[in-house]
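Only one structure is covered here, and it is reproduced in the block below.
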Number of protein chains: 2
Amino acid sequence: MSTSESTSDRLIESTRELLWERGYVGTSPKAILERSGAGQGSMYHHFKGKPDLALAAIRRTAEELRATAEGVLGGPGTPYERIEAYLLRDRDVLRGCPVGRLTMDPDVIASDKLRAPVDDTLDAIRELIAGIVEEGKEQGQFAPSLDGEEIAATVLATVQGGYVLARASGSPAAFDAGVRGLLSLLAPR
Amino acid sequence: MSTSESTSDRLIESTRELLWERGYVGTSPKAILERSGAGQGSMYHHFKGKPDLALAAIRRTAEELRATAEGVLGGPGTPYERIEAYLLRDRDVLRGCPVGRLTMDPDVIASDKLRAPVDDTLDAIRELIAGIVEEGKEQGQFAPSLDGEEIAATVLATVQGGYVLARASGSPAAFDAGVRGLLSLLAPR
DNA sequence: GTCTATACACTGATAGAC
DNA sequence: GTCTATCAGTGTATAGAC
């Protein structure tokens, strides 16, 4: 395993952090250079500009999030238990979702290229959950009246919205409450 | 009824639009002046600066949202029907929530003053829904095992997260799916 | 690949005339 | 109350030397 320390890598990592903290609009090339320790010239040598560097950063963050979700959802347990594990997994709630927060960035939404990794990732997780719900219906753990795609959207939305409520109140409590509420609705009797 | 056309009012209205479209970080005084037709001097005469004007705009938007929610949730019908009405009410889904989106703004979250109206509004709506859920439990419409506060957080989170999913995909479909999924879980048998 | 120099519009605000 | 002038700093990039 190569612990690559390339300048290009440090630029991407610094950009990932700043995008998470301040979003695309709130992240300037100058801030990226300061955090990464790279110089002006380096950045424009490795990337065409801010959108190009941001795209590399967003892609890496999106892939990482997808891998994490796949790991939890593909773990052991019944369908309910796997969804529970996804909802209860450790999260830095007050920092928000590094992928979901980008949807509130006007410049990201205005660019199909920047939006694509965000859309693809959330969509992939949604499909995974939908499949698990369908599995649970076959096993009689979930009511046959439930729709896999709909419940998957509800699960993902509860997580994404939980971040909003938590950040509004300055406390993770509302996130946890929303998750517990959803689990109580999903619980097999 | 006074259709006030004051410069101060036009500044606030333009700021509200821009905050909704581009967030706090993405909104510049210059853009506000252009949209409102006011001059530099006017803005700094009526407001101390960008944070002060933004606070006035956020307060007005928050109050408006709260009034809308109270209107729908306080309408006629059973507890389930009132929550259903709230979830299904007409929304400009792709524009996102004008209040919730502010939680992704680093400068808003960093300021207790700017965050307060956001927190207060979401909290008030949450309490309203929690009361309705408790009412539904008393009437036997909801299972006694449900917790009013938790379900209220789930309902609000599903809405806020629905905006995220919709904006990611560029279509309101995911919002609608999440809402339908939640309603199917809440439905009295 | 990295550095420094340069550029020009924009940000957020103050000053003072009218 | 509104207008214009001015300002130091930032945002995003290009040019060219090393």
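We name chains A, B, ... by the order of the sequence lines, and we start the count at 1 in each one.
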Please say whether more than 12 non-hydrogen atoms of neighbouring residues, nucleotides or ligands are located less than 6.0 Å from CZ in B:Arg59.
no

Is a side-chain N or O of [X] found less than 3.5 angstrom from the main chain of [Y], in a donor-acceptor match?
{"X": "B:Lys137", "Y": "B:Leu146", "value": "yes"}
{"X": "B:Thr154", "Y": "A:Leu182", "value": "yes"}
{"X": "A:Glu149", "Y": "A:Ala130", "value": "no"}
{"X": "A:Thr68", "Y": "A:Glu64", "value": "yes"}

Testing the 3.5 Å rule here: is there a donor-acceptor pair between the side chains of B:Gln141 and B:Thr78?
yes

Test item: side-chain donor near acceptor, A:Glu150 and B:Ser184, under 3.5 Å
no

Expressed in angstrom and rounded to an integer, what is the separation of [X] atom [atom1] from [N] atom [atom2]?
{"X": "B:Asp107", "N": "C:dT11", "atom1": "CG", "atom2": "C1'", "value": "13 Å"}
{"X": "B:His46", "N": "C:dG12", "atom1": "NE2", "atom2": "P", "value": "20 Å"}
{"X": "A:Leu33", "N": "D:dT10", "atom1": "CG", "atom2": "C1'", "value": "13 Å"}
{"X": "B:Glu34", "N": "C:dC10", "atom1": "CD", "atom2": "C1'", "value": "11 Å"}

Ring-face cation contact, A:Tyr44 with A:Lys50, 6.0 Å cut, 45° max:
no

Please determine if a side-chain N or O atom of B:Thr7 lies less than 4.0 Å away from the OP1 or OP2 oxygen of D:dG1.
no

Expected output is a numbered-order residue list: members of residues 110-117 of chain A with a heavy atom under 4.0 Å from any atom of DNA chain C. What is it?
none

Which parts of nucleotides 11-18 of chain D does protein reach within less than 4.0 Å, heavy atoms only, written one letter per nucleotide 5' to 3' as B for base, S for sugar-phosphate only and - for none?
SSBB----

